[in-house]
Amino acid sequence: MVHKPLFVLTCLFFVLILCCGILAPAAPADQGDNASNELMIIQLDGSINPGSALYVKRGIEEAQETGAALVILRLHTPGGLASSMRTIVKAILNSPVPVVVYVGPRGAGAASAGVMITVSGHVAAMAKGTNIGAAHPVTAGGKDIDKTMNKKVVNDMASYGRGIAENKGRNGEWVEKAIRESVSITAEEAREKYVVDLVVKDMDDLIQRLHGREVYMADGPITLKTKSLKTTYYRPGFRDRVLKTISDPNIAYILMMIGLAGLYFELSHPGAIFPGVIGAISLILAFFSFQTLPVNYAGLILIALAILFFIAEVKVASYGILSIGGLISLTLGSIMLFEGVGVSLKLMMPTILLVGGFFVVVATLAFRAYQRKPKGGAEGLVGELGVVKEPLSPEGLVFVHGEYWRAVPIPPSEVLQPDEKVEVVGVEGLLLKVKKATDPDIEHPS
C-alpha cells in the first residue's frame, strides 16, 4: 500500500501535536507579590528565535508569579532574529524581578543579538574565557544585508543598542561600535570598558558576588541578598521545546514536505481524510517556522509548481515527462527555499527522493486506475473471449466471463458453430455482438 509510509510519518506528527497541548505545563498559581527565597536560573543556549524568546519571556513571568527574588539568565548564543531579541530585551527591561544576564560558562559567547540582551540586564556578568560582540546586522544565513537597506537597519540597531546600554549606565559607545564595525572583546576587556559589571569564575562565584549589590528597578533601588536564596532552574516545557525545534530550517523543510504529501494524497484519493488533516497541520507548523526564516518565495513557487506537475501526471499521458519536470522543480525549489540558511544536503536529498518518489508512485497508480479497463458491467465484457454453445445463425448462445449470453455474429451473415472461439466486440442491452477470435489457438476461456 502506497500510503502506509505517509500514515506512519503523519501519525507521529499527529501524536506530537496532541502532546503539545496535553503535556504543556499549566501556568502556576499567582502567589502574590511577596518575594520568596528563590533564585531562578534560565538557561538560554543556541540561536535567538521566536521559540527561545517565548521560553525566556515565560521564565521571567513565572519568576514574577512565584515571587522569586532574582532571575539569572545564563546566556550562550551566536545571535538570531532581531524581533525575537527585542522580545527578550523588553521582557527584561519591564520585569519587576531583577534579571542578571550572565554570559557563561567558560567558552561561551554573546554575539550579535546576544550583545543587546547582555547589556539590558539589571546586572551584566561574564565568565572568564568568554567573549561578547560582533553585532553587525546580517541576514539569518549570515550574509550582509543588501546595501540599500544596510544603512537604515544598522542605524536603527545602533541607536537601539546604545540606548539600552546607556539606560543601564554601560558603555553605549562600544555597543554602537560592535554593531557598526562587528568588534568583539573578551570578558576582561568588557569589564574594563564598562560593557559589563562583573567577571566571575562560575555561577557559584556570581551568586556570591551579587550579594549586597544594589540594582535599580522601576520602583527604585533594591539590595540583592543572594546568600540565603534557594537556586531553582526554569525548565523548558514540552511546548517550548517543540516551538524551538520547528524553528530549525531542516525541520521546517520536512514539515512542508509532509504537508504537501498529505494534501496531495487527499486530492488524488478523495475521502482519505486523515492524510489531508495531518498535511494541513504540518503546513501550518511549517508556516510558523517560515516566519523565523528567510524564505525565498521563488523556491516556494518552484515546489508548488512541482506539485502541480505531479497532479497533472494523473490526468495527462505525458509518459513521465511531467514527473521528471516535477522532480527537477522540487529539487531546485528545495535548494532555493531559504536564503542563506542551508538545509542539510544529507537531509534534503533523501527527502526529495522519498517525497518525489511518493508523488510519482501515487500519480502512476492513479493514472493506471484512471486508464484501467472496467472489470464489471457491459463495458467490462468488451474484449473478453468466449466459446459458442449454440450455433449463431444469426442468434445463439455463448459462454463468456463465466456466464451464458445471447449473442449475434459480426458480420451478421457469418454463422458460428459450437466450440468456436469468439471475442466480444459490443453490447446492446443483454445481447452480445461477437466475432470469431483472431487467434484460433487461444486457450479455452474458463
Side-chain angles (χ1 to χ4, degrees), residues 28 31 33-45 48 52-77 80 84-105 108 110 113-127 130 132 160-161 163-170 175 187 190-191 194-200 202-227 229-236 240:
Q31 299 182 7
D33 296 326
N34 296 325
S36 70
N37 64 340
E38 181 179 289
L39 183 159
M40 179 179 288
I41 297 176
I42 303 173
Q43 302 182 87
L44 177 56
D45 291 312
I48 307 299
S52 58
L54 189 59
Y55 157 67
V56 173
K57 183 180 178 183
R58 280 208 194 106
I60 294 175
E61 289 173 350
E62 181 167 323
Q64 176 185 354
E65 292 170 353
T66 58
L70 181 66
V71 171
I72 296 179
L73 174 60
R74 187 184 64 73
L75 180 67
H76 171 46
T77 179
S84 300
M85 174 269 293
R86 288 175 185 259
T87 298
I88 296 175
V89 169
K90 187 162 64 173
I92 294 173
L93 294 178
N94 291 282
S95 171
V97 181
V99 178
V100 176
V101 180
Y102 166 57
V103 182
V115 174
M116 268 65 75
I117 295 174
T118 302
V119 299
S120 68
H122 297 99
V123 177
M126 297 178 68
T130 59
I132 186 172
Y160 181 76
I164 293 172
E166 291 179 348
N167 177 257
K168 295 296 182 179
R170 301 191 176 103
V175 172
R191 177 66 188 89
Y194 300 102
V195 177
V196 299
D197 306 309
L198 296 171
V199 176
V200 298
D202 51 28
M203 180 68 76
D204 292 336
D205 185 31
L206 172 65
I207 294 173
Q208 289 180 5
R209 295 181 62 179
L210 286 173
H211 185 75
R213 189 178 186 89
E214 189 176 68
V215 296
Y216 293 88
M217 308 297 294
D219 297 333
I222 63 173
T223 301
L224 300 179
K225 298 178 181 180
T226 59
K227 288 185 178 180
L229 296 181
K230 176 184 176 182
T231 301
T232 62
Y233 286 83
Y234 177 71
R235 304 296 182 184
D240 295 316

Peer 1: If you compare all heavy atoms of Val175 against all heavy atoms of Ala165, which two are closest, and at what distance to 0.1 Å?
Peer 2: CG2-CB, 3.8 Å
Peer 1: Near Lys168 NZ, under 6.0 Å, is it more than 12 heavy atoms from other residues, nucleotides or ligands?
Peer 2: yes
Peer 1: For residues Val71 and Tyr234, determine if any side-chain heavy atom of one lies less than 4.5 Å from a side-chain heavy atom of the other.
Peer 2: no
Peer 1: To check you understand the geometry: which heavy-atom pair defines the closest contact between Met217 and Pro98, and what is its length?
Peer 2: CE-N, 3.7 Å
Peer 1: Looking only at non-hydrogen atoms, find the nearest pair between Ala124 and Thr118 and report the distance.
Peer 2: CB-O, 3.4 Å
Peer 1: Would you say Ile117 and Val56 make side-chain contact, with heavy atoms under 4.5 Å?
Peer 2: no
Peer 1: Do the side chain of Arg191 and the main chain of Asp197 share a donor and acceptor less than 3.5 angstrom apart?
Peer 2: yes
Peer 1: Is Arg74 reaching over with its side chain to a backbone N or O of Gly104, donor-acceptor style, under 3.5 angstrom?
Peer 2: yes
Peer 1: Does the side chain of Leu44 come within less than 4.5 Å of Ile88's, by heavy atoms?
Peer 2: yes
Peer 1: Using every non-hydrogen atom in the two residues, find where Leu198 and Arg209 come nearest and quote the distance to one decimal.
Peer 2: CD2-NH2, 3.7 Å
Peer 1: Where the side chain of Tyr55 meets the backbone of Gln43, is there a donor-acceptor pair that is under 3.5 Å apart?
Peer 2: yes
Peer 1: Rounded to the nearest 0.5 Å, how far does OG1 of Thr66 lie from CD of Glu38?
Peer 2: 4.5 Å
Peer 1: Distance from Leu229 atom CG to Ile207 atom CD1, nearest 0.5 Å?
Peer 2: 8.0 Å
Peer 1: Please indicate whether Tyr194 has more than 12 foreign heavy atoms, meaning atoms of other residues, nucleotides or ligands, lying under 6.0 Å from its OH.
Peer 2: no
Peer 1: From Thr232 OG1 over to Asn37 CG, what is the distance, rounded to the nearest 0.5 angstrom?
Peer 2: 9.5 Å
Peer 1: Can you name the nearest heavy-atom pair linking Ala127 to Ala187, along with the distance?
Peer 2: O-CB, 3.4 Å
Peer 1: Would you say His211 and Lys225 make side-chain contact, with heavy atoms under 4.5 Å?
Peer 2: yes
Peer 1: Say you draw a straight line from CE of Met116 to CD1 of Ile92; how long is it, rounded to the nearest 0.5 Å?
Peer 2: 12.0 Å
Peer 1: Other residues, nucleotides and ligands only: do more than 12 of their heavy atoms fall within 6.0 Å of CG on Asp45?
Peer 2: yes
Peer 1: Can you check whether Val97 reaches Ile60 side chain to side chain, under 4.5 Å on heavy atoms?
Peer 2: no
Peer 1: Which pair of non-hydrogen atoms, one from Lys57 and one from Thr87, has the smallest distance, and what is that distance?
Peer 2: CD-CG2, 4.4 Å
Peer 1: Pick out which of Leu206, Leu70, Ile72, Thr231 makes a side-chain contact (heavy atoms from CB on, under 4.5 Å) with Thr226.
Peer 2: Leu70
Peer 1: How long is the straight-line distance from CE of Met85 back to OG of Ser52, given to the nearest 0.5 Å?
Peer 2: 12.0 Å
Peer 1: To the nearest 0.5 Å, what is the distance between CG on Leu93 and NE2 on His122?
Peer 2: 7.0 Å
Peer 1: Below 4.5 Å, heavy atoms only, C-beta onward: do Asp202 and Asp205 meet side chain to side chain?
Peer 2: yes
